[in-house]
Number of protein chains: 4
Amino acid sequence: MGSTPQARRSDTRERIQKTALDLFVSRGYEKTSLREIAEELGVTKAALYYHFKTKEDILSAISRDLGRPVDELIAWAEEQPPTMETKRELLRRYSAALASAMPIYHILQENQATLRDLAVGRELSDRVTAISRLMHAGDLEFDCRMRVASAVLTVHFGAFAPCGAAVGTVEQRRAALLDVALATLSGAPAPTMSPDPA
Amino acid sequence: MGSTPQARRSDTRERIQKTALDLFVSRGYEKTSLREIAEELGVTKAALYYHFKTKEDILSAISRDLGRPVDELIAWAEEQPPTMETKRELLRRYSAALASAMPIYHILQENQATLRDLAVGRELSDRVTAISRLMHAGDLEFDCRMRVASAVLTVHFGAFAPCGAAVGTVEQRRAALLDVALATLSGAPAPTMSPDPA
Amino acid sequence: MGSTPQARRSDTRERIQKTALDLFVSRGYEKTSLREIAEELGVTKAALYYHFKTKEDILSAISRDLGRPVDELIAWAEEQPPTMETKRELLRRYSAALASAMPIYHILQENQATLRDLAVGRELSDRVTAISRLMHAGDLEFDCRMRVASAVLTVHFGAFAPCGAAVGTVEQRRAALLDVALATLSGAPAPTMSPDPA
Amino acid sequence: MGSTPQARRSDTRERIQKTALDLFVSRGYEKTSLREIAEELGVTKAALYYHFKTKEDILSAISRDLGRPVDELIAWAEEQPPTMETKRELLRRYSAALASAMPIYHILQENQATLRDLAVGRELSDRVTAISRLMHAGDLEFDCRMRVASAVLTVHFGAFAPCGAAVGTVEQRRAALLDVALATLSGAPAPTMSPDPA
DNA sequence: AATGAATGAGCTTTCATTCAT
DNA sequence: GATGAATGAAAGCTCATTCAT
């Protein structure tokens, strides 16, 4: 007694992941050295190697943790019939999932050249590819495929960068872009719109 | 005649740019070392430094050369009134410009974390930002902004990655995505579309 | 027992300083490469960087260690009244301090052009300047200042170079030059002297 | 006619020497690169090699030109009897010669470690040694040698660095230090002096 | 009288990783 | 559960120098 029941087993591993994530996001994977992570945490580099086999392994763990929602989403979608309605739902859920998983995708996004030859890079981009594949599933006509592509691009890349001024909150923008994407998907115009008020 | 016609004042500088571009695209900026570039070219590292002040300077020269079409496009757009028609035309031209300038944007795309703290990185992303700014120019309503954002995302990111299967030629896909983007821009559905044949 | 008694937490740092000092003295700071230091010691260049942040940092550590006597002397002198007697004593003590600190001042002396733009160079020449400043303290007449200057130059530079033949031991010469300097300081002739036996 | 009679033969060689001298003085010999010299002059590095065989050769030419007065002084002194009066005169003339030759001695002074293994370095320090040797010539007693040493050190090193505050003009200081040195040489006090006005 | 192009050797520094303790 | 010490490989860059033109 006196100590928290079953936690006790050092939270260092998690602290490493947290710190590493922050640095990978703010400085990039390649440009973040293990020395920096260790220093920021107040431990030695060797300590990182006690908890993780390699630098890549740290990112790998982060990827597994943060990517779970998307993995589950993929698993779910793979069991649905490839109808338009499924895809609409998939897009909605993907948009939501991205909101929380953003950091890793941000890392993937900004460090593609580096992650390309790392196993963890494959893992990450496989998830994106899987979503895209599921959105394109079925015997679609060319035009339709392009609308699907546009919708996916809008939702996926709209999640990064403050594309087009800082109007509204992040959440509002996400929702609005999702609406546009859904409209594009159905080949319908986005609801209320005045044509030439530029 | 009989000997190399007009050479003399060395084409090495251009050969360096060409080789560097290839390697930056295929292996990434950071992961491409000057040794590799030099070896590939059959010269010494020092030769690179005869022609360029730094590694960044090589990328900078490439950026200037390949980015010119986009720069001209921006200059053009800045002189037009910010009407919807201007934007439609801007989007068309941007789509076309991207086709040829793709390599540098690809590099920007995949090496953001690295380029972020390089002057050339700024140069590059400024161009993208400028296009986006021009597309959002004027007193747009929130919904309209989001449609603009979607259109830009579609055209810009659609130029990279074989998003959604390899149907059609690159050129066909580009044209089709542009159409989708233009439709989104106007709030209209993309022309002929059957709603649920997924 | 039987194994190296107290080692364990590595004496490498000190060995680096010792070796570096020797090389800096014999070959010059700039002309001594880290490779040389490392090779001489039988370690890798990277090992040097484990113990010191930069090449300059190695010199800096040496400077701190060997410069301490002079620093203490300066501290002492700053608390004394600026009388002639203080200055005589300061000169005596400086002469003595130089004897042990000579290596670093030798390095400063012979590498001024290089050290000029290094922080450690400032540190070093500040010490010399401080002594000079203290010797000149007070409201001295011009002639007197020049005698002080001569005395300082004699003691300081007399410590290097075998100025004027190798008569007597180093220690004897040091003592004799100090006497001459003290005589100059008081404006008196150096004690026993036959005028023209050249 | 129209061109200056016999000058015509490009003044580039001299311009190189002038520029090199400036840079060697202000940045140091080692730290001044041929690129810098060439750039400053608006010519190419290869041009330097048309006029001089090596970098050292540039310094060598400078040394020959500026060192001539001292060389002549040495030649003169070698023909004189080694009397005290000769030495007094030698010291006077050396003090004067230094005033104009200062730049090269400054370079020697601040780049000793580098010049040590260059032929030109020997040339330079030989001159200093020769003066010192001539000042010590004859069968001097130990004490007397030390007074000579002090006198030489005072005159030689007094020519560099603003030793002891910036009172008077450079020329005044030089003259005054010479007086002190001459007094030391004769074993007499420097003329009028109040003993303890610190 | 000078240039454009290139080289070879070297430099300081950084990094991911290992391992005995 | 972690540290102190060290390594091997590589990076970007600079320099004096050469030589055909």
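Note: hydrogens, waters and symmetry copies are ignored here, and every other heavy atom, side chains too, is used. Per chain, numbering begins at 1; letters A, B, ... match sequence-line order.
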Roughly, in whole Å, what's the span from [atom1] in [X] to [atom2] in [N]?
{"X": "Leu48(D)", "N": "dA1(E)", "atom1": "CG", "atom2": "P", "answer": "15 Å"}
{"X": "Phe52(A)", "N": "dA16(E)", "atom1": "CZ", "atom2": "P", "answer": "15 Å"}
{"X": "Glu39(A)", "N": "dA16(E)", "atom1": "CD", "atom2": "C1'", "answer": "15 Å"}
{"X": "Arg35(A)", "N": "dA5(F)", "atom1": "CZ", "atom2": "C1'", "answer": "16 Å"}
{"X": "Leu118(B)", "N": "dG12(F)", "atom1": "CG", "atom2": "C1'", "answer": "13 Å"}
{"X": "Tyr50(C)", "N": "dC19(E)", "atom1": "OH", "atom2": "C1'", "answer": "13 Å"}
{"X": "Lys55(A)", "N": "dA16(E)", "atom1": "NZ", "atom2": "P", "answer": "4 Å"}
{"X": "Glu56(D)", "N": "dC15(F)", "atom1": "CD", "atom2": "C1'", "answer": "16 Å"}

Please pick, from [options], the nucleotide with the shortest atom-to-atom distance to any side-chain atom of [X].
{"X": "Thr44(D)", "options": "dG4(E), dG12(F), dT13(E)", "result": "dG4(E)"}
{"X": "Tyr49(C)", "options": "dA5(F), dT13(E), dG8(E)", "result": "dT13(E)"}
{"X": "Ala46(D)", "options": "dG1(F), dT7(F), dT18(F)", "result": "dT18(F)"}
{"X": "Leu34(D)", "options": "dG8(F), dT17(F), dA2(F)", "result": "dT17(F)"}
{"X": "His51(B)", "options": "dA11(F), dT3(F), dA6(E)", "result": "dA6(E)"}

Any side-chain heavy-atom pair of Ile104(A) and Phe24(A) under 4.5 Å =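 Answer no - side chains too far apart.
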
message = On DNA chain F, compare the nucleotides closest to Ser33(B) and Ala47(C); which residue's is nearer the 5' end?
response =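 Closest to the 5' end, via its nearest nucleotide, is Ala47(C).
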
query = Does a nitrogen or oxygen in the side chain of Thr12(B) sit under 4.0 Å from OP1 or OP2 of dA6(E)?
reply =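 Checking Thr12(B) against dA6(E): at least one side-chain N or O falls below 4.0 Å of OP1 or OP2.
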
query = Is a side-chain N or O of Tyr105(C) found less than 3.5 angstrom from the main chain of Phe160(C), in a donor-acceptor match?
reply =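 No; judged by distance alone, with no hydrogens or angles, the pair does not exist.
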
task = Answer yes or no: is there a donor N or O on one side and an acceptor on the other, between the side chain of Glu56(A) and the main chain of Val120(A), under 3.5 Å?
result =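 It does hold such a pair.
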
Should [X] and [Y] count as an ion pair when the cut-off is N to O under 4.0 Å?
{"X": "Arg116(B)", "Y": "Glu110(A)", "result": "yes"}
{"X": "Lys31(D)", "Y": "Asp117(C)", "result": "yes"}
{"X": "Glu36(C)", "Y": "Arg27(C)", "result": "yes"}

query = Are Ser63(A) and Arg127(A) close enough, and set up right, to give a side chain to side chain donor-acceptor pair (under 3.5 Å), and what steps lead you there?
reply = CA-CA 11 Å; Ser63(A) 161; Arg127(A) 277 199 274 256; 2.7 Å; yes

request  = Mind running side chain to side chain donor-acceptor pair (under 3.5 Å) on Asp65(D) and Gln17(D) for me, showing each step along the way?
outcome  = CA-CA 10 Å; Asp65(D) 285 11; Gln17(D) 282 187 212; 3.2 Å; yes

remark   = Intra- and inter-strand pairing of DNA chain F, written as dot-bracket with Watson-Crick and G-U pairs under 3.5 Å and | for the latter, reads .||||||||||||||||||||

task = Start with the C-alpha gap between Glu14(B) and Lys18(B), add the side-chain angles, then the distance that decides, and say whether salt bridge (Lys or Arg N to Asp or Glu O under 4.0 Å) holds.
result = CA-CA 6 Å; Glu14(B) 280 124 61; Lys18(B) 219 177 176 61; over 6 Å; no

request  = Record whether the side chain of Lys45(B) comes under 3.5 Å of the base of dT7(E) through a donor-acceptor pair of N or O atoms.
outcome  =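 Check fails, no donor-acceptor contact within cut-off.
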
key: Strand contacts (DNA chain E) in residues 13-31 of chain C, 4.0 angstrom heavy-atom criterion   =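 Per residue number, the list is empty: none.
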
ask   = Is it the case that Lys55(B) places NZ or CZ above or below the six-membered ring of Tyr49(B), under 6.0 angstrom from the centre and within 45 degrees of the axis?
value =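 No, Lys55(B) and Tyr49(B) do not form such a contact.
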
